[in-house]
Amino acid sequence: MDQDMVLLAKVRLLSANRRVVRGTEGLWIYRLLTQVDSEVYGSKLAYVLVEESGSPLVRELPERRLALLDEAVEVAKALSTENPFRAKVLARALAARQRELEAGSAKPHASEEDQRAVVPDGRREVE
């Protein structure tokens with residue numbers, strides 16, 4: 001781990017003068033610092049990942065949104081059960097991931113070939 005990068009992340013975190021640094025800067029800071037101390041920074045990383053999954057930057061990128069939420073769930077699960085924020089951030093990440101999955105399944109995903117392979121009564125043709 002590059003100690004200069006860790007120091008830079010901590011300086012940016014302290015200079016932000018807020019409880020949670022959001023956006024891409026927050027992602028960078030918390031991803032880096034979670035590698036140093038996952039119990040201290042992991043819950044904030046999970047929080048920012050869920051928040052960023054709703055960002056306009058990924059509005060049209062469902063795979064990216066789901067990847068952010070998958071990462072949030074994994075980070076939250078990795079926290080110690082003793083961590084006072086674990087349950088809250090894990091529940092938030094799981095709920096957001098479930099909403100994303102449900103929203104994705106509500107949209108048609110069938111390709112043209114799949115659509116042709118469906119017979120009128122809704123069953124697939126036998127190939």
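The chain is numbered in sequence order, starting from 1. Note that the structure is predicted; figures quoted are calculated from it, not measured.
The hydrophobic cluster containing Leu27 also contains Val36, counting ILVMFWY residues as joined when their side-chain heavy atoms lie under 4.5 angstrom apart, directly or transitively. No continuous path of ILVMFWY side-chain contacts below 4.5 Å connects Leu101 to Leu94, so the two sit in separate hydrophobic clusters. One hydrophobic cluster holds both Leu45 and Leu32 under the rule that ILVMFWY side chains link at heavy-atom gaps under 4.5 Å. Residues Leu79 and Leu33 fall into different hydrophobic clusters, defined by Ile, Leu, Val, Met, Phe, Trp and Tyr side chains chained together at heavy-atom separations under 4.5 Å. Hydrophobic clustering (ILVMFWY, side-chain heavy atoms < 4.5 Å, transitive): Tyr41 and Phe85 are in distinct clusters.
Judged as a side chain to side chain contact (heavy atoms under 4.5 Å, CB included), and not counting sequence neighbours, Glu63 has no contacts. The side-chain hydrogen bond (donor to acceptor under 3.5 Å, both in side chains) search around Glu25 returns none, not counting sequence neighbours. Ala87 pairs by the side chain to side chain contact (heavy atoms under 4.5 Å, CB included) definition with nothing, not counting sequence neighbours.
In terms of heavy atoms, Leu69 sits closest to Ser53 at CD2-OG, 3.3 Å. The two residues Ala9 and Ile29 have their closest heavy-atom pair at O-CG2, 3.9 Å. Minimum heavy-atom separation, Val75 to Gly42: CG1-O, 3.2 Å.
A donor-acceptor contact shorter than 3.5 Å links the side chain of Arg65 to the backbone of Arg59.
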Q: Kindly indicate, with the supporting measurements, whether the criterion side-chain contact (heavy atoms from CB on, under 4.5 Å) is fulfilled by Val21 and Arg12.
A: CA-CA 9 Å; Val21 178; Arg12 285 191 180 176; over 6 Å; no
Q: Could you go through the side-chain contact (heavy atoms from CB on, under 4.5 Å) check for Val48 and Val20 one step at a time?
A: CA-CA 8 Å; Val48 173; Val20 177; 3.6 Å; yes
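For the atom pair CG of Leu61 and CG of Leu66, the computed distance is 12.0 Å after rounding to the nearest 0.5 Å.
Side-chain contact check for Leu68 versus Val50: every heavy-atom pair is 4.5 Å or farther apart.
The side chain to side chain contact (heavy atoms under 4.5 Å, CB included) with Asp4 is formed by just one residue from the set Leu8, Asp2, Val6; it is Asp2.
The side chain to side chain donor-acceptor pair (under 3.5 Å) pairs that include a residue from residues 27-39 are Arg31-Glu71, Glu39-Asn83, where partners are two or more places apart or lie in different chains. Residue pairs meeting the salt bridge (Lys or Arg N to Asp or Glu O under 4.0 Å) criterion with at least one partner in residues 42-53, sequence neighbours excluded, are Arg22-Glu51. For residues 75-98, every residue pair satisfying the salt bridge (Lys or Arg N to Asp or Glu O under 4.0 Å) rule, not counting sequence neighbours, is listed here: Asp70-Arg97.
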